Amino acid sequence: MATMYYEQNINEDVLKGKKIAIIGYGSQGHAHALNLKESGFDVVVGVRPGGSFDAAKADGIDVKTVAEAAQEADVIQILLPDERQKAVYEAEIAPHLQAGKALMFAHGFNIHFGQITPPADVDVFLVAPKGPGHLVRRQFQEGAGVPGLFAIHQDATGQAKDLALAYGKGIGAARGGLLETSFKEETETDLFGEQAVLCGGATQLVRAGFETLVEAGYQPELAYFETLHELKLIVDLMFEGGMATMRYSVSDTAEWGDYVAGPRIIDESVKARMKDVLTDIQDGTFARRWIQENENGRPEYTKFKEAGANHQIEEVGAKLRAMMPFINEGKEKVVREVATSAKN
Ligand SMILES: NC(=O)C1=CN([C@@H]2O[C@H](COP(=O)(O)OP(=O)(O)OC[C@H]3O[C@@H](n4cnc5c(N)ncnc54)[C@H](OP(=O)(O)O)[C@@H]3O)[C@@H](O)[C@H]2O)C=CC1
Ligand SMILES: CC[C@](O)(C(C)=O)C(=O)O
Ligand SMILES: [Mg+2]
Ligand SMILES: [Mg+2]
């Protein structure tokens with residue numbers, strides 16, 4: 001059984017009075033910084049001048065360079081893209097990691113795969129929300145919370161676990177539940193989930209369904225509604241009450257089709273390939289390829305991104321969503337960021 005912690009089990013006083021540096025103000029960074037600030041913690045954001053530096057300032061956050069924020073903080077949470085963390089850590093964070101400070105992550109990639117090796121006299125732990133940063137922020141504002149994982153890599157002060165729990169409470173994750181894990185388990189399961197199910201699996205399933213209908217002569221707009229738009233509504237029901245609740249709401253015809261056709265699509269061969277993907281994660285093959293891809297200037301990443309953005313489903317979807325402004329009500333920030341993001 002997992003060990004879970006909720007708000008009522010956590011005393012956040014251990015983190016009160018400490019200065020928390022959030023390094024990066026992107027998807028997770030803005031959510032952690034704003035949620036912690038509104039939970040009464042002392043937050044400084046460290047980011048390079050330009051893009052998100054100005055966004056943090058506009059949000060009323062105390063913003064400094066990465067080195068300045070790391071220097072003045074007791075707790076340093078690295079919320080930069082995984083592939084940038086090593087370089088920024090070595091140049092701007094490590095020189096300010098005095099004994100007794102805490103170094104944090106929201107994903108274990110750089111510690112687990114040996115990219116960053118902190119000194120032994122600092123605490124090292126992670127608090128990893130199980131959801132996108134913009135939803136971590138949105139749900140916090142709504143009084144809800146995205147659940148999270150926490151793990152301790154080094155406990156130099158004897159306070160690492162209490163600090164991690166207090167931090168998790170500050171960002172709202174303890175409203176949904178904080179689950180105790182290890183860096184290895186968090187890293188491998190997070191990579192597997194995003195590759196096989198949440199991002200890779202889901203987008204390929206939707207894309208294959210859309211293409212199958214369009215290639216068979218059905219209208220692309222209808223195919224979009226059927227395979228992408230409605231997926232959110234179906235998943236909402238699973239989210240609210242599990243698969244049984246979804247199956248209760250759909251027709252018996254749909255439920256029967258679910259039982260007989262589902263296993264024809266996602267069969268044992270899919271599971272075998274999921275196991276291959278997991279093996280590549282566990283033995284470091286995936287990490288080595290991603291690190292190498294970045295060292296090469298991301299040629300394949302750029303090609304895949306362009307192909308995805310130019311797919312017909314995106315063009316059709318954009319037109320249909322423009323006629324449904326209610327979809328993005330209160331959510332303009334994410335949509336605007338996607339439109340202008342070069343992520344470089
Ligand atoms: N995205 C998510 O929802 C989740 C992410 N995580 C983990 O959280 C961490 C952060 O990921 P995510 O939020 O996606 O990251 P983002 O890609 O959103 O981070 C962007 C931020 O990093 C800054 N940045 C990038 N390069 C540098 C640099 N060289 N020097 C200083 N600042 C820099 C950007 O600044 P600028 O504006 O100047 O470019 C921006 O503030 C990762 O470890 C990830 O695995 C964990 C759970 C979910
Ligand atoms: C599912 C992708 C994720 O792991 C996340 C939002 O949890 C990420 O790395 O962004
Ligand atoms: Mg994740
Ligand atoms: Mg991830």
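Quick note: numbers below take in every heavy atom, side chains included, and nothing from hydrogens, waters or symmetry partners. This structure is a prediction, so every number in the text was calculated from the model and none was measured. Indexing begins at 1, ligand by ligand and atom by atom, following the structure's order.
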query = Between Asp155 (side chain) and Gln159 (backbone), is there a donor-acceptor pair under 3.5 Å?
reply = yes
key: Test item: Asp59 side-chain N/O and Ile61 main-chain N/O as donor-acceptor pair under 3.5 Å   = no
Contact (N/O only, under 3.5 Å) between [X] and ligand 1:
{"X": "His107", "result": "no"}
{"X": "Glu92", "result": "no"}
{"X": "Pro49", "result": "no"}

message = Please list, in number order, the atoms of ligand 2 under 4.0 Å from a heavy atom of Glu194.
response = 1 (C), 2 (C), 3 (C), 4 (O), 8 (C), 9 (O)
Please confirm whether [X] comes under 4.0 Å of ligand 1, counting heavy atoms of the residue only.
{"X": "Gly133", "value": "yes"}
{"X": "Gly50", "value": "no"}
{"X": "Gly131", "value": "yes"}

query = Do the charged groups of Arg289 and Asp280 touch, with an N to O distance under 4.0 Å?
reply = no
key: Side-chain ion pair, Glu221 and Lys319, N-O less than 4.0 Å   = no
key: Ser27 and ligand 2 - part of the residue with a heavy-atom distance under 4.0 Å   = neither
message = Could you report the tightest heavy-atom contact between Leu79 and Gly29, atom names first, then the distance?
response = CD1-CA, 3.6 Å
key: Lys NZ or Arg CZ of Arg175 over Phe140 ring: under 6.0 Å, within 45°   = yes
task = Determine, counting only non-hydrogen atoms of the protein, whether one lies under 4.0 angstrom from atom 9 (O) of ligand 2.
result = yes
task = Kindly indicate, with the supporting measurements, whether the criterion side-chain contact (heavy atoms from CB on, under 4.5 Å) is fulfilled by Phe41 and Lys19.
result = CA-CA 8 Å; Phe41 293 101; Lys19 171 86 75 179; over 6 Å; no
task = Please confirm if an N, O or S atom belonging to Glu194, backbone or side chain, lies less than 2.8 Å from the Mg ion (ligand 3).
result = no
task = Considering the heavy atoms of Val88, write down every atom of ligand 1 situated less than 4.0 Å from one of them.
result = 28 (C), 29 (N), 30 (N)
message = If you consider just the N/O/S atoms, which atom of Asp190 is the closest one to the Mg ion (ligand 3)?
response = OD1
